[in-house]
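Position 1 is the first residue of the sequence, and the numbers go up from there. In each ligand, atom 1 is the first atom listed, and ligand 1 is the first ligand listed.
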Amino acid sequence: MAAVGTVVRSRPPWIMESGCAASGCAVTRCTSPTAVRAPTAVRAPTAVRFGPVSARGCAASGGAAGPGPYARRVRIDLHTHSTASDGTDTPAELVRQAKAAGLDVVALTDHDTAAGWAEAAAALPAGLTLVPGTEFSCAWFGPNGVRIGLHLLGYLYDPDDAELQAERRRLRESRRGRGQAIVNNLRADGIPVTWERVAELAGDGTVGRPHIGQALVEAGVVDSLDEAFADLLSSRSKYYVRKADMDVFVALRLINAAGGVTAFAHPLARRRGPVVGDEVIADMAAAGLDGIEVDHPDHSFADRAHISDVAANLGLIPLGSSDYHGRNKAVRLGACTTSPEAYADLLARNTASSPIVFTT
Ligand SMILES: [Zn+2]
Ligand SMILES: [Zn+2]
């Protein structure tokens with residue numbers, strides 16, 4: 001059984017680890033081993049391990065290496081997707097996988113929905129803390145009609161907030177309409193994919209291009225999702241239809257008003273399209289942005305170093321996350337992680353709800 005626990009509002013004196021295993025980046029900081037203890041509100045993680053601390057630091061993620069002989073490896077992944085959007089694990093499977101991957105804290109952040117929260121909470125294993133969140137599809141609108149898409153993570157906001165709910169509904173419906181439009185474009189060229197099958201694959205979740213890709217694989221049009229995304233479903237494809245997105249400053253206002261905390265997801269993931277400049281990140285910080293992903297599988301080491309500096313200059317909390325999508329992407333749960341220090345800073349800023357912990 002899972003229940004809403006108490007927010008850890010003070011910075012826990014844990015040994016910290018953050019970084020990105022996927023890219024070989026691992027940051028370890030430590031305090032005295034005698035200071036290791038878990039906050040009383042959270043059941044002590046069973047996956048805690050003790051072992052030698054590497055003296056290696058990681059400038060890329062802003063961390064400093066600690067020389068202590070032992071470290072408690074608290075692992076926090078604040079960005080994952082389930083079948084409630086375009087991941088392949090159900091929310092229940094996802095929390096079980098997170099536990100199996102040795103995570104202590106996992107955030108479920110499906111695209112434009114909170115639909116997976118309840119199932120994930122109900123299936124929460126002992127020793128794992130769940131941070132309910134959503135990855136909002138947003139856009140920054142600049143001068144002369146410039147529009148740059150970006151993703152904003154909102155954590156621990158009130159899911160019943162009326163204004164935010166209305167905006168979420170609008171985005172979900174627009175994604176469905178957009179999925180249908182892409183399918184119609186493909187069918188107009190004789191490509192054998194049906195909306196019925198795509199909708200079936202999406203189930204109750206938000207329709208995304210991976211569902212269309214899966215239908216294309218099933219129909220034998222392409223051999224893999226990667227092939228579908230490289231060609232027919234690419235944003236450069238003639239079949240592509242753009243999503244309707246929320247203005248990022250509206251999103252910041254709504255999430256903050258609903259008591260949540262925010263983080264800019266993969267700000268330098270250029271392979272997804274154009275990215276905003278540092279001056280836009282500064283405007284977002286001034287508009288209430290709390291954190292920013294530094295360690296993300298789509299960021300190079302140079303990107304991480306740059307965003308780490310930007311975060312330090314703007315007082316943004318530096319995060320690291322895998323952006324796990326199950327079998328839809330190669331990245332594993334916990335491939336990039338957030339330090340407990342940053343996690344505690346993030347929790348200290350939220351006012352609406354608390355992470356969910358397992359209780360007996
Ligand atoms: Zn994203
Ligand atoms: Zn994501």
Side-chain angles (χ1 to χ4, degrees), residues 20 22 76-89 91 94-95 97-98 103 105-117 120 130-140 147-155 157 168 171-172 174-175 178 202 205-211 213 225 229 233-235 242-246 248 251-252 255 260-276 280-281 284 289 291-299 303-304 307 319-338 346:
C20 184
I76 301 166
D77 188 342
L78 295 178
H79 185 166
T80 70
H81 296 270
S82 74
T83 50
S85 63
D86 55 352
T88 58
D89 294 349
L94 189 135
V95 290
Q97 292 289 343
L103 293 178
V105 179
V106 69
L108 178 63
T109 54
D110 280 302
H111 293 287
D112 305 312
T113 183
W117 292 8
L130 173 67
V131 179
T134 296
E135 184 171 19
F136 292 93
S137 303
C138 299
W140 172 76
R147 174 207 170 278
I148 296 178
L150 54 86
H151 287 172
L152 188 68
L153 294 156
Y155 300 107
Y157 63 85
R168 282 219 317 267
L171 288 169
R172 261 200 316 277
S174 90
R175 282 205 157 200
R178 176 233 192 186
T206 310
V207 178
R209 280 184 290 166
H211 303 119
L225 268 185
F229 269 88
L233 297 178
S234 141
S235 58
R242 180 186 282 174
K243 297 190 296 276
D245 295 323
M246 194 169 14
V248 66
L252 285 166
I255 298 165
V261 287
T262 53
F264 188 177
H266 45 74
L268 292 182
R270 292 181 203 82
R271 71 179 178 82
R272 299 166 185 243
V275 298
V276 297
V280 174
I281 301 177
M284 289 167 67
L289 181 68
I292 190 163
E293 284 184 344
V294 171
D295 287 311
H296 183 282
D298 288 359
H299 284 176
D303 291 339
R304 295 169 198 215
I307 290 297
L319 305 179
S321 300
S322 68
D323 205 351
Y324 173 76
H325 280 72
R327 293 183 305 281
N328 279 344
K329 291 188 183 177
V331 69
R332 297 188 315 273
L333 276 164
C336 297
T337 53
T338 291
L346 202 66

To the Zn ion (ligand 1), the closest N, O or S atom belonging to His151 is ND1
Name the residue from His266, Arg270, His296 that meets the side chain to side chain donor-acceptor pair (under 3.5 Å) definition with Asp303.
Arg270
Please round to the nearest 0.5 Å and tell me the distance separating atom CG of Asp323 and atom SG of Cys336.
9.5 Å
For Asp323, the N, O or S atom at the shortest distance from the Zn ion (ligand 2) is OD1
Here the vertex angle at the Zn ion (ligand 1) for NE2 of His266 and OE2 of Glu135, given to 10°, is 110°
For the Zn ion (ligand 2), the closest N/O/S atom belonging to His81
NE2
For the side chain of Arg327 and the backbone of Asp89, is there at least one donor-acceptor N/O pair under 3.5 Å apart?
no
Flag for His299-Glu293: side-chain donor and acceptor within less than 3.5 Å:
no
Using 2.8 Å as a strict upper limit, say whether an N, O or S atom of His325 approaches the Zn ion (ligand 2) that closely.
no
Return yes if some donor-acceptor pair links the side-chain N/O of Thr134 with the main-chain N/O of Thr113 below 3.5 Å, else return no.
yes
